[in-house]
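These notes are about the structure you will find just below.
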Amino acid sequence: MHLVLTGATGTVGTGVLTHCLASTRVTRLSILSRRPFDLPTGPGLDASKAQVIVHTDYLNYPSELLDHLKDVKGVIWSQGVSQTQVSKEEYIKVTHDHPIAAAKAFARAASSPMNFTYVSAEGASPEENIKGRTEKSPLALSQASDAAFVPLRVFNVRPGAVEPVTGNDLQGFRRTLVKLSAPVIKLAVPSLFIHRDKLAVTLVDLALGNGEPLPSGPGIEAGGRTLQNSAIRAWKPIE
């Protein structure tokens with residue numbers, strides 16, 4: 001099955017990318033990236049099924065790109081930026097405007113139901129912060145009467161502190177660890193953390209699934225469309 005991935009060089013995206021290359025369930029992977037990069041290689045990783053598509057304008061999607069993505073089964077949107085590294089306007093554009101524009105464009109182009117899995121964060125609230133507002137918008141689209149958005153099946157995933165952290169996220173994460181004394185917190189409250197490999201499995205399973213709401217249970221909210229960190233930690237991988 002064909003998946004789309006954004007944010008492939010970040011902490012979450014790196015884990016998702018590796019899992020996709022190792023999974024026989026993913027037969028094709030389209031990676032939207034601002035710049036080219038080398039795909040990981042190694043035992044069990046099939047980089048031949050992945051294509052890095054350099055795309056810089058995440059508010060607009062040309063017809064040629066949409067034609068390439070029309071048979072997509074699912075999207076994993078892990079693109080993100082720290083609000084301490086950019087202006088408020090840029091943070092809102094990356095965190096809210098980009099995924100909403102993509103969800104609209106991909107749904108209009110989809111030839112069959114498409115799962116849109118948005119990587120949010122623990123503590124997201126539709127009434128209080130940008131990530132929460134972003135969660136709410138695709139859900140509203142999928143429930144609207146507009147026939148263009150009928151294919152859209154939305155899941156919002158709220159990981160806690162993701163580990164291990166690498167690449168571009170490392171410097172900011174270290175600052176956060178120092179500030180919050182994370183090693184001590186992890187010993188006291190391990191449920192606040194999630195390993196990126198576990199998160200990657202959950203995200204790919206949702207993106208490849210049937211798109212139906214998840215059964216009610218601990219950490220499952222919004223009628224089966226939102227997963228808290230506790231639900232990710234308890235996720236049973238789909239073989």
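Basis for what follows: all heavy atoms, side chains included, without hydrogens, waters or symmetry-related copies. Positions are given from 1, in the same order as the sequence printed here.
Here the closest non-hydrogen pair linking Arg225 and Pro213 is NH2-CD, 3.5 Å. Taking each heavy atom of Pro99 and Phe116 in turn, the nearest pair found is O-CZ, 3.5 Å. Among all heavy-atom pairs drawn from Tyr91 and Val86, the shortest one is N-CG2, 3.7 Å. Between Ala107 and Met114, the shortest heavy-atom distance links the atoms N-CE, 4.0 Å. Closest non-hydrogen pair, Pro151 versus Ser112, comes out as CB-O, 3.7 Å. The minimum heavy-atom distance linking Pro159 with Val162 is given by the pair CB-CG2, 4.0 Å.
Under the 3.5 Å distance criterion, the side-chain polar atoms of Gln51 are left unmatched by any main-chain donor or acceptor of Ser30. Counting only distance, with no hydrogens or angles, the side chain of Ser33 and the backbone of Val52 share no donor-acceptor pair below 3.5 Å. Of the possible polar contacts, one joining the Lys49 side chain to the Val26 backbone as a donor-acceptor pair under 3.5 Å is found. At distances below 3.5 Å, at least one donor-acceptor pair connects side-chain atoms of Asn115 with backbone N or O atoms of Ala207.
With contacts defined as side-chain heavy-atom distances shorter than 4.5 Å, the pair Val75/Thr117 does not qualify. At a threshold of 4.5 Å between non-hydrogen side-chain atoms, the residues Ser230 and Arg233 do not count as touching. The shortest side-chain heavy-atom distance between Phe155 and Leu214 falls under the 4.5 Å cut-off. With a 4.5 Å cut-off on side-chain heavy atoms, Leu203 and Val201 do not count as touching. A 4.5 Å side-chain heavy-atom check between Ser137 and Thr134 finds every atom pair outside the cut-off. With a 4.5 Å cut-off on side-chain heavy atoms, Asp97 and Ile92 count as touching. Residues Ser78 and Tyr118 have side chains not in contact (no heavy-atom distance under 4.5 Å, counting atoms from C-beta outward). Side-chain contact check for Asp46 versus Leu21: every heavy-atom pair is 4.5 Å or farther apart.
A donor and an acceptor atom, one from each side chain of His2 and Thr27, are nowhere located under 3.5 Å apart. Ser120 and Glu135 share a donor-acceptor pair across their side chains, judged by distance under 3.5 Å alone.
Hydrophobic cluster membership differs between Leu65 and Ile100, with clusters built from Ile, Leu, Val, Met, Phe, Trp and Tyr side chains linked at under 4.5 angstrom. A continuous path of hydrophobic side-chain contacts links Trp77 to Phe149 [ILVMFWY only; heavy atoms under 4.5 Å]. No single ILVMFWY cluster, assembled from side-chain heavy atoms under 4.5 Å apart, contains both Val81 and Leu59. Ile130 and Val119 end up in different hydrophobic clusters when Ile, Leu, Val, Met, Phe, Trp and Tyr side chains are linked at under 4.5 Å. Tracing side-chain contacts under 4.5 Å through hydrophobic residues (I, L, V, M, F, W, Y), one reaches Ile232 starting from Leu17; they form part of the same cluster.
Enclosure of atom CG in Asp57 by more than 12 non-hydrogen atoms of other residues, nucleotides or ligands within 6.0 angstrom is indicated.
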Kindly determine whether Leu3 and Leu208 satisfy side chain to side chain contact (heavy atoms under 4.5 Å, CB included), including the steps that lead there. CA-CA 8 Å; Leu3 293 186; Leu208 293 176; 3.5 Å; yes
Show your reasoning for whether side chain to side chain contact (heavy atoms under 4.5 Å, CB included) applies to Phe106 and Leu152. CA-CA 9 Å; Phe106 297 167; Leu152 201 56; over 6 Å; no
Evaluate the criterion side chain to side chain contact (heavy atoms under 4.5 Å, CB included) for residue pair Thr95 and Lys131; output intermediate values, then yes/no. CA-CA 7 Å; Thr95 305; Lys131 283 187 178 290; 3.7 Å; yes
Glu90 vs Lys93, test: side chain to side chain contact (heavy atoms under 4.5 Å, CB included). Steps then yes/no. CA-CA 5 Å; Glu90 182 68 13; Lys93 183 169 76 170; 3.3 Å; yes
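Using the six-membered ring where Trp is involved, His55 and Tyr61 have ring planes that are parallel, under 30° apart on the 30 and 60° scheme.
Distance check, rounded to the nearest 0.5 Å: CG of Asp67 to CD of Glu64 gives 7.0 Å. Taken to the nearest 0.5 Å, the OG1 atom of Thr226 stands 12.0 Å off from the NZ atom of Lys136. Here the straight-line distance linking atom CG of Asn60 with atom OH of Tyr58 works out to 12.5 Å at 0.5 Å rounding. Here the NE2-CD1 distance, from His19 to Ile76, works out to 8.5 Å after rounding to the nearest 0.5 Å. Note that CD1 of Ile31 is 4.5 Å distant from CG of Leu29, once rounded to the nearest 0.5 Å. Note that the CZ atom of Arg35 and the OG1 atom of Thr56 stand 10.5 Å from one another [nearest 0.5 Å].
Residue pairs satisfying the salt bridge (Lys or Arg N to Asp or Glu O under 4.0 Å) criterion with at least one member in residues 68-89, sequence neighbours excluded, are listed as follows: Arg28-Asp71.
Salt bridge annotation for Asp205-Lys236: absent, with no cationic side-chain nitrogen under 4.0 angstrom from a carboxylate oxygen.
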Could you list the donor-acceptor pairs under 3.5 angstrom formed between side-chain atoms of residues 215-223 and any protein atom two or more places apart in sequence or on another chain?
unit_1	atom_1	unit_2	atom_2	d
Glu221	OE1	Arg158	NH1	3.4
Glu221	OE1	Gln228	NE2	3.3
Glu221	OE2	Gln228	NE2	2.9

